[in-house]
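Numbering starts at 1 and runs along the sequence shown. Heavy-atom basis, side chains included; hydrogens, waters and symmetry copies ignored.
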Amino acid sequence: MKKLLVVAVLLLVAAAATPWAIGGRTEQLVRERVAQVDADKAAQVRLRIDSYSRGWRSSDAQISVVDREGEPLVRLAAAIRHWPFASGGPADWVAVPEFGSVVYDALGPWGAKLPEVTTHTQLSWRGDVHVRIESQPFVRRVPEVAGGTLEIAPLAGTVDWRRDGALAYDVAMPVFRGERLRGGRAGAVDIVEFKDVQVKGEGSLGTAERRWNQQGSLVAAAVTVTEAGTTTFSAATPRLTNCGKYSA
């Protein structure tokens, strides 16, 4: 009876300690991936952990993508769940990327007009990172840019960043439509519409050797430009590709 009690107590202690231990492993994996990017001294962007507070079943982290001068480009506030409360690996988290002032200044009027994007991240036991991207549809006036309205259907996509540095992305946008209101800029087209746009590619991130092959493409099911009620340009399945090699 005493042996059974001891075993039961040990099992309870192990069950209680497991999320904390997994949280420690998760923090180790996250810091390793950040260090992997930081080791590439020629990189144009880097990752930085602003804060990391580890708890029992979850951790709170603030991670930033910064430029070479250390200015934040994107901030991610992540509430990281530890296994067994996470799915598919030792940890997962949801975050809404927030642009830094450098990006807002570069985007100009677009900075306040773009849809809010949500990222769902899963961390594997070996350190691979899988990110699912999604956004809500929106229609907004953008008089500073197009003198009219901008409509973007929900975005959906994935980014896979493997432990060896290999990176693959695939993002789809069903509709991107800009329409000029009456009284807009003279000489501007009335409507520009892209349907079923897909951006995908592969490359590498965080390799100190700085040698990789990268390729990407942008494909749309159709592009249409309308002026004064008449279609002045249309193209089916237009494709833009970019392939290149780099070494340093």
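A single hydrophobic cluster is not seen to contain both Val219 and Phe194; linkage of ILVMFWY side chains at heavy-atom distances under 4.5 Å, directly or through other members, places them apart. Linking Ile, Leu, Val, Met, Phe, Trp and Tyr residues whenever their side-chain heavy atoms come within less than 4.5 Å leaves Leu76 and Ile49 in two separate clusters. Side-chain heavy atoms closer than 4.5 Å link hydrophobic residues (I, L, V, M, F, W, Y) into clusters, and following such links, even through other members, never connects Val175 to Val171. Residues Ile152 and Val225 fall within the same hydrophobic cluster, defined by Ile, Leu, Val, Met, Phe, Trp and Tyr side chains chained together at heavy-atom separations under 4.5 Å. Val94 and Leu29 fall into different hydrophobic clusters, where Ile, Leu, Val, Met, Phe, Trp and Tyr side chains are chained together by heavy-atom contacts under 4.5 Å.
Counting heavy atoms from C-beta on, the side chains of Trp83 and Arg25 never come closer than 4.5 Å. By the 4.5 Å heavy-atom criterion applied to side chains, Ser135 and Glu116 are not counted as neighbours. Counting only heavy atoms from C-beta outward, the side chains of Tyr52 and Arg31 approach each other to under 4.5 Å. Within the 4.5 Å cutoff, the side chain of Leu155 has no heavy atoms near those of the Phe176 side chain. Using a 4.5 Å cut-off on side-chain heavy atoms (C-beta onward), Val74 and Pro97 make contact. The side-chain heavy atoms of Val159 and Leu167, taken from C-beta on, include a pair separated by under 4.5 Å. Leu73 places none of its side-chain heavy atoms less than 4.5 Å from the side chain of Phe99.
Side chain of Glu71 to main chain of Val102: no donor-acceptor pair is present (N/O by atom type, distance under 3.5 Å, no hydrogens or angles). The backbone N or O of Leu47 sits nowhere less than 3.5 Å from a side-chain atom of Arg33 that would complete a donor-acceptor pair.
Heavy-atom minimum distance, Gln36 versus Gly165: NE2-N, 3.8 Å. In plain terms, the two heavy atoms of Ala77 and Ala95 that are nearest each other are O-CB, 3.6 Å. The two residues Ala86 and Gly89 come nearest to each other via the heavy atoms CB-O, 4.2 Å.
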Considering only distance and modelled atom types, tabulate donor-acceptor pairs under 3.5 Å from the side chains of residues 123-131, sequence neighbours left out.
{"unit_1": "Ser124", "atom_1": "OG", "unit_2": "Arg126", "atom_2": "N", "d": "3.4"}
{"unit_1": "Ser124", "atom_1": "OG", "unit_2": "Gly127", "atom_2": "N", "d": "3.3"}
{"unit_1": "Ser124", "atom_1": "OG", "unit_2": "Asp128", "atom_2": "N", "d": "2.9"}
{"unit_1": "Arg126", "atom_1": "NH1", "unit_2": "Asp128", "atom_2": "OD1", "d": "2.8"}
{"unit_1": "Arg126", "atom_1": "NH1", "unit_2": "Asp128", "atom_2": "OD2", "d": "3.1"}
{"unit_1": "Asp128", "atom_1": "OD1", "unit_2": "Arg163", "atom_2": "N", "d": "2.7"}
{"unit_1": "His130", "atom_1": "ND1", "unit_2": "Asp160", "atom_2": "OD1", "d": "2.4"}

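Remark: Glu32 CD to Glu27 CD distance equals 11.0 Å, nearest 0.5 Å. Taking CG of Asp60 as the reference point, atom CZ of Arg54 lies at 13.0 Å (rounded to 0.5 Å). Atom OG of Ser58 is separated from atom CD1 of Ile80 by 9.0 Å, given to the nearest 0.5 angstrom.
Summarising the local packing, CD of Gln136 is surrounded by 12 or fewer heavy atoms from other residues, nucleotides or ligands at distances under 6.0 Å.
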side-chain contact (heavy atoms from CB on, under 4.5 Å) between Val223 and Ser234: does it pass, once the steps are laid out? CA-CA 5 Å; Val223 177; Ser234 64; over 6 Å; no
Test side-chain contact (heavy atoms from CB on, under 4.5 Å) on Lys200 and Ser217; report intermediate values, then the result. CA-CA 6 Å; Lys200 61 190 307 182; Ser217 65; 3.7 Å; yes
If you apply the rule side-chain hydrogen bond (donor to acceptor under 3.5 Å, both in side chains), what do you find for Asp50 with Ser64, and how did you get there? CA-CA 7 Å; Asp50 299 316; Ser64 295; 2.5 Å; yes
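With sequence neighbours left out, Arg75 forms a side chain to side chain donor-acceptor pair (under 3.5 Å) with no residue at all. By the side chain to side chain donor-acceptor pair (under 3.5 Å) test, Glu134 is found to be paired with His120, Arg132, residues two or more places apart in sequence or in another chain being considered.
With hydrogens and angles left out, the side-chain atoms of Thr158 and Asp170 include no donor and acceptor closer than 3.5 Å. Neither side chain, His82 nor Thr26, offers a donor N or O lying under 3.5 Å from an acceptor on the other.
Taking the six-membered ring where the residue is Trp, the centroids of Phe85 and Trp56 are separated by under 6.0 Å.
Geometric assessment of Arg81 against the ring of Trp93 yields a negative cation-pi assignment under the 6.0 Å and 45° thresholds.
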